[in-house]
Protein chains: 2
Amino acid sequence: MSEAQFRNWQAIQAEVLRRIHARNWPPGHTIPNEVDLAQEFGCARATVNRALQSLADAGLLERRRKAGTRVALHPVGKATVTIPVIRQEIEDRGMTYAYRLITRDIATSPAPLGATGPGLHVTAVHHANDSPYVIEDRWINLTTVPDAAEQPFDQISANEWLVTTAPYTNGDISFAAEPATAQEAQLLNTAEGTPVFVIDRITWDHDQTITTVRLTYAPGYRIHTGIGTGAIAS
Amino acid sequence: MSEAQFRNWQAIQAEVLRRIHARNWPPGHTIPNEVDLAQEFGCARATVNRALQSLADAGLLERRRKAGTRVALHPVGKATVTIPVIRQEIEDRGMTYAYRLITRDIATSPAPLGATGPGLHVTAVHHANDSPYVIEDRWINLTTVPDAAEQPFDQISANEWLVTTAPYTNGDISFAAEPATAQEAQLLNTAEGTPVFVIDRITWDHDQTITTVRLTYAPGYRIHTGIGTGAIAS
DNA sequence: CTTGATATTATGTATAGACATAAAAACCTG
DNA sequence: CAGGTTTTTATGTCTATACATAATATCAAG
């Protein structure tokens with residue numbers, strides 16, 4: 001075993017991964033500390049740190065000060081789902097995009113937006129190749145995003161307007177399968193009760209709620225992504 | 001504006017985030033280079049690099065050598081969904097876990113596993129508080145995971161056995177809403193055609209397929225997670 | 001005007017050394 | 001021996017410097 005063949009942090013990361021996969025370091029095993037690894041690999045400790053750190057980010061290692069670095073017991077699968085702008089998502093699939101506004105009202109916000117202020121309620125349908133793709137049912141908090149009141153949302157969707165206008169710091173998202181309501185079924189051109197994929201999302205800017213949205217996708221919709229921590233895998 | 005108040009990379013990251021949110025640096029804007037930022041913040045370039053790098057990982061910045069660092073045009077929402085071991089998921093919710101094997105056969109694998117080799121086909125139901133929670137319909141590639149042939153899978157599930165036994169380098173996952181088939185409906189104690197949440201997953205170790213699985217969840221299931229890049233947000 | 005070689009530049013990454021910090025381990029005390 | 005205090009230790013992070021690399025910008029030659 002000659003040393004000094006691992007010149008960069010990615011090579012070190014790959015070697016560590018190899019040992020994990022080869023069961024040299026089984027789940028739960030505490031691996032050598034950074035100083036020792038640096039010596040073995042013939043590099044600086046900072047380089048080992050970089051490699052291990054990003055493996056820890058990916059969930060394959062668990063690190064605690066003083067306690068050392070252990071191979072994660074449950075190599076937690078983490079899938080990163082990207083939440084795209086709907087128009088982009090459709091155009092990326094090579095389909096033609098169309099947008100149709102259904103309703104637009106100012107009313108008192110429902111519970112999740114923080115009961116007090118007025119809200120803008122917008123419903124719209126996004127089409128792909130002239131068939132309905134997804135229903136956007138959205139509440140916008142007019143207290144935090146007053147500019148929204150002046151937007152007609154008849155040409156560009158609230159979805160698109162918000163991402164380039166209202167910044168958010170964090171949010172909450174959930175996926176579910178639900179039966180289409182009568183109204184949804186009509187808009188999506190399907191039968192009531194048909195299983196539809198639903199995304200509920202709420203975004204805040206610090207403590208202020210910005211918007212809540214329910215996206216109801218036409219039957220057959222499928223979210224697709226990879227696991228294995230992207231660049232790391234292999 | 002005194003300088004040298006940003007002592008660590010996280011403080012710098014927060015300040016950069018603040019400027020993006022405050023529209024000092026709007027989407028598409030090219031921000032100052034690392035040397036200048038380091039001087040402004042009164043720290044080393046490596047520290048600025050660390051901060052910007054992790055923002056780029058999170059998708060908020062786009063960096064190219066020589067071209068510089070730009071604020072992403074579409075601040076892509078990225079949600080990281082963790083794929084837990086089913087037993088853990090149930091127990092984490094404070095429910096009692098139970099497992100029931102339905103079928104276990106060795107047969108020729110279906111297409112996705114790579115048509116050639118033999119496969120182990122296991123179907124099972126995981127229960128939470130004595131009601132069916134999810135159906136696990138799995139094929140295991142016996143060429144790559146021969147040990148699986150000796151596992152009865154009557155006590156511990158294939159799900160659990162695999163995560164601690166067969167390492168994988170990457171995978172593919174998709175979520176969808178589908179109507180329950182007659183068999184699924186029976187196992188989940190619901191009506192045929194009821195919308196159910198389905199996760200399809202396939203994992204490989206390098207080029208070798210390890211397993212494909214379809215998880216069909218009982219009605220009402222919901223995947224839930226946060227957006228806003230975890231630690232970064234605020 | 002186009003093409004290709006060359007210089008410039010911003011990020012990418014390595015290094016050695018230092019100090020900070022959290023947490024386990026060892027050491028006291030009563 | 002229980003409980004608190006100190007020591008030790010592995011990771012976390014910063015600094016300053018250096019070189020690598022990719023991509024743009026520049027400029028000369030055909």
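Residue numbering restarts at 1 for every chain, and letters A, B, ... go by the order of the sequence lines.
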Looking at every strand, decide which applies to Gln10(A) at a 4.0 Å heavy-atom threshold: base, sugar-phosphate, or nothing.
sugar-phosphate
Can you tell which of dA23(C), dA16(C), dA10(C) lies closest to the side chain of Arg64(A)?
dA23(C)
On DNA chain C, compare the nucleotides closest to Glu34(B) and Arg45(A); which residue's is nearer the 5' end?
Glu34(B)
With distance as the sole criterion, is a donor-acceptor pair present between the side chains of Arg201(A) and Thr212(A) under 3.5 Å?
no
Would you mind reading off the distance between Leu52(B) atom CG and dG12(C) atom C1', rounded to a whole angstrom?
12 Å
Rounding to a whole Å, what distance do you find between Arg50(B):CZ and dT11(C):P?
17 Å
Could you pick out which residue, Asn33(B) or Lys66(A), lies toward the 5' side of DNA chain C when each is mapped onto its nearest nucleotide?
Asn33(B)
Ile31(B) atom CD1 is separated from dA10(C) atom C1', nearest whole Å, by 12 Å
Nearest to the side chain of Asn8(B) - dA22(D), dT15(C), dC14(D)?
dC14(D)
Among dT11(C), dT13(C), dC14(D), find the nucleotide with the atom closest to the side chain of Thr69(B).
dT11(C)
Grab the CG-P distance between Leu37(A) and dG12(D) for me, whole Å please.
13 Å
Ring centres under 6.0 Å, that's the criterion: do Tyr133(B) and His126(B) meet it?
no
Assign the ring pair Phe153(B) / Trp161(B) to parallel, tilted or perpendicular, where the plane angle (0 to 90°) is split at 30° and 60°.
perpendicular
Students often get this wrong, so: under 4.0 angstrom with heavy atoms, is Ala46(B) touching a base, only sugar-phosphate, or nothing?
base
Any donor-acceptor pair under 3.5 Å linking the side-chain atoms of Arg63(A) with those of Thr69(A)?
yes
Assess, by modelled atom type and distance only, whether the side chains of Glu136(B) and Asn159(B) contain a donor and an acceptor separated by less than 3.5 Å.
no
Of the listed nucleotides dT13(D), dT15(D), dA20(D), the one nearest the side chain of Cys43(B):
dT15(D)
Rounded to the nearest angstrom, tell me the gap between atom CD in Glu62(B) and atom P in dA23(D).
14 Å
Nearest-Å distance for atom pair CD/C1', residues Gln39(A) and dA16(C):
15 Å
Taking only N and O in the side chain of Arg63(A), is any of them less than 4.0 Å away from OP1 or OP2 of dG12(D)?
yes
Once you round it to whole Å, what is the distance between C1' of dT11(D) and CG of Leu61(A)?
13 Å
Please figure out whether Asn49(A) or Gly68(A) has its closest DNA chain D nucleotide nearer the 5' end.
Gly68(A)
Nearest whole angstrom, please: distance from the P of dT9(D) to the CG of Asp36(A).
13 Å
